[in-house]
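Just so you know, ligand 1 is whichever comes first in the structure, and atom 1 is the first atom listed for that ligand.
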Amino acid sequence: MFGFRKKKKSEDSANDATPAAEEKPARSGWFQRLRQGLSKTGQVLNADLGSLFRRRIDDELFEELEERLLMADVGLEATQKIMDRITGEVKRRELDNAEALMDALENAMIEVLEPVSEPLTLPDDPGRPFSILVVGINGAGKTTTIGKLAHHFRADDFSVMLAAGDTFRAAAVEQLQNWGERNEVSVIAQGTGADSASVVYDGLQAATSRGIDVMIADTAGRLHTQTNLMDEVRKVKRVMGRLDAQAPDEVLLVVDGGTGQNALSQAQQFHEALGLTGIVVTKLDGTAKGGMIFALAEQLGVPVRFIGVGEKPEDLQPFDARSFVRALLGRDDD
Ligand SMILES: Nc1nc2c(ncn2[C@@H]2O[C@H](COP(=O)(O)OP(=O)(O)O)[C@@H](O)[C@H]2O)c(=O)[nH]1
Ligand SMILES: [Mg+2]
């Protein structure tokens, strides 16, 4: 369901065990979960939007819409882009009904997110572990996200190994081991205080010798303002590259969506230090600041791979611009 594995042509039709008719309910349940998860931001953005749009289309209406976008933490630049696009369309096509205005808003929002809507797909037969280095500040949701990812990779029939690179806290290792046990996945760990780079190196080496498909490395929640900590995670990255020049295949930043615009400055600093290839935005279920994804897209341009809308494995979903916007605007899946 996650589509980690690129389908071979022949699998598309003949061998597909899940016919389209069966896929639909699963997908619609998934969309409902997304819509539910985004409802707090949705309330800020679209409460009574229908009736607002049925009013006369004038500057006051645009001001109200702009204010809502800003309140949902969409950020100045992305808000401006969305507003310019809508007002341009209104002028050109003289949109005068609520439905058309809603469509224009949806399209303008999708346009901002489309460039970062790029799912994580694994090569068909890599012949080496696809390695993912997970970084981010304390409490962002790294370890939980790794556990959820392990679950989904296993469900897609990939073998997985985890490396407990957060060596600062004993609890962090146990937390990862718990996820490992639940998903029948080996966890490579050393004692608390061990060198993070050495644990991750061991993990990648073990994954390589055992022919594992995916190796995911956890790291400590290093404060992005503490240069020595940034240095340390840079070292983890470098050491992985020593074992396999292509490693890590993915440098995945986990940010807490509830921190709104703050997450943006975190992302910028991690990107400068490490060269991110993907972002996961967690805890969108607990916040009205979910609009920060637009700011991330507009200012950073790094693919948003997944979003978290709850604590269960099913609450981690691949990011898709169109579903995200439709869920946010309280519209139906189509
Ligand atoms: N509601 C909600 N909670 C989440 C989500 N992702 C993670 N969490 C919670 O956030 C807390 C911190 O997560 P953790 O993975 O330990 O963060 P880490 O320090 O970055 O490894 C835990 O209580 C998680 O259950 C999410 O998408 N939604
Ligand atoms: Mg952790």
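In Glu60, the CD atom is not crowded: 12 or fewer heavy atoms of neighbouring residues, nucleotides or ligands sit closer than 6.0 Å.
Checked for salt-bridge contact, Arg35 and Asp333 miss the test: no charged N lies under 4.0 Å from a carboxylate O. Under a 4.0 Å N-O distance rule, the pair Asp213/Arg128 does not qualify as a salt bridge.
Remark: Arg182 qualifies as a cation-pi partner of Trp179 under the 6.0 Å distance and 45° angle criteria applied to the six-membered ring.
A donor-acceptor pair shorter than 3.5 Å can be found between the side chains of Asp84 and Gln80.
By the 30° and 60° cut-offs, the orientation of the rings of Phe294 relative to Phe324 is tilted.
Between the Mg ion (ligand 2) and Thr143 there is an N/O/S contact shorter than 2.8 Å.
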Under 3.5 Å: N or O atoms of ligand 1 paired with protein N or O:
{"unit_1": "ligand 1", "atom_1": "1 (N)", "unit_2": "Asp285", "atom_2": "OD1", "d": "3.4"}
{"unit_1": "ligand 1", "atom_1": "1 (N)", "unit_2": "Asp285", "atom_2": "OD2", "d": "2.7"}
{"unit_1": "ligand 1", "atom_1": "10 (O)", "unit_2": "Lys283", "atom_2": "NZ", "d": "3.3"}
{"unit_1": "ligand 1", "atom_1": "13 (O)", "unit_2": "Thr144", "atom_2": "OG1", "d": "3.3"}
{"unit_1": "ligand 1", "atom_1": "15 (O)", "unit_2": "Thr143", "atom_2": "N", "d": "3.2"}
{"unit_1": "ligand 1", "atom_1": "15 (O)", "unit_2": "Thr144", "atom_2": "N", "d": "2.8"}
{"unit_1": "ligand 1", "atom_1": "15 (O)", "unit_2": "Thr144", "atom_2": "OG1", "d": "2.5"}
{"unit_1": "ligand 1", "atom_1": "16 (O)", "unit_2": "Gln175", "atom_2": "NE2", "d": "3.0"}
{"unit_1": "ligand 1", "atom_1": "17 (O)", "unit_2": "Gly141", "atom_2": "N", "d": "3.0"}
{"unit_1": "ligand 1", "atom_1": "19 (O)", "unit_2": "Gly139", "atom_2": "N", "d": "2.7"}
{"unit_1": "ligand 1", "atom_1": "20 (O)", "unit_2": "Ala140", "atom_2": "N", "d": "3.2"}
{"unit_1": "ligand 1", "atom_1": "20 (O)", "unit_2": "Gly141", "atom_2": "N", "d": "2.9"}
{"unit_1": "ligand 1", "atom_1": "20 (O)", "unit_2": "Lys142", "atom_2": "N", "d": "2.8"}
{"unit_1": "ligand 1", "atom_1": "20 (O)", "unit_2": "Lys142", "atom_2": "NZ", "d": "2.8"}
{"unit_1": "ligand 1", "atom_1": "21 (O)", "unit_2": "Thr143", "atom_2": "N", "d": "3.0"}
{"unit_1": "ligand 1", "atom_1": "21 (O)", "unit_2": "Thr143", "atom_2": "OG1", "d": "2.9"}
{"unit_1": "ligand 1", "atom_1": "25 (O)", "unit_2": "Glu311", "atom_2": "OE1", "d": "2.4"}
{"unit_1": "ligand 1", "atom_1": "27 (O)", "unit_2": "Lys283", "atom_2": "N", "d": "2.9"}
{"unit_1": "ligand 1", "atom_1": "27 (O)", "unit_2": "Gly308", "atom_2": "O", "d": "3.4"}
{"unit_1": "ligand 1", "atom_1": "27 (O)", "unit_2": "Gly310", "atom_2": "N", "d": "3.4"}
{"unit_1": "ligand 1", "atom_1": "27 (O)", "unit_2": "Gly310", "atom_2": "O", "d": "3.2"}
{"unit_1": "ligand 1", "atom_1": "28 (N)", "unit_2": "Asp285", "atom_2": "OD1", "d": "2.9"}
{"unit_1": "ligand 1", "atom_1": "28 (N)", "unit_2": "Gly310", "atom_2": "N", "d": "3.4"}
{"unit_1": "ligand 1", "atom_1": "28 (N)", "unit_2": "Gly310", "atom_2": "O", "d": "3.4"}

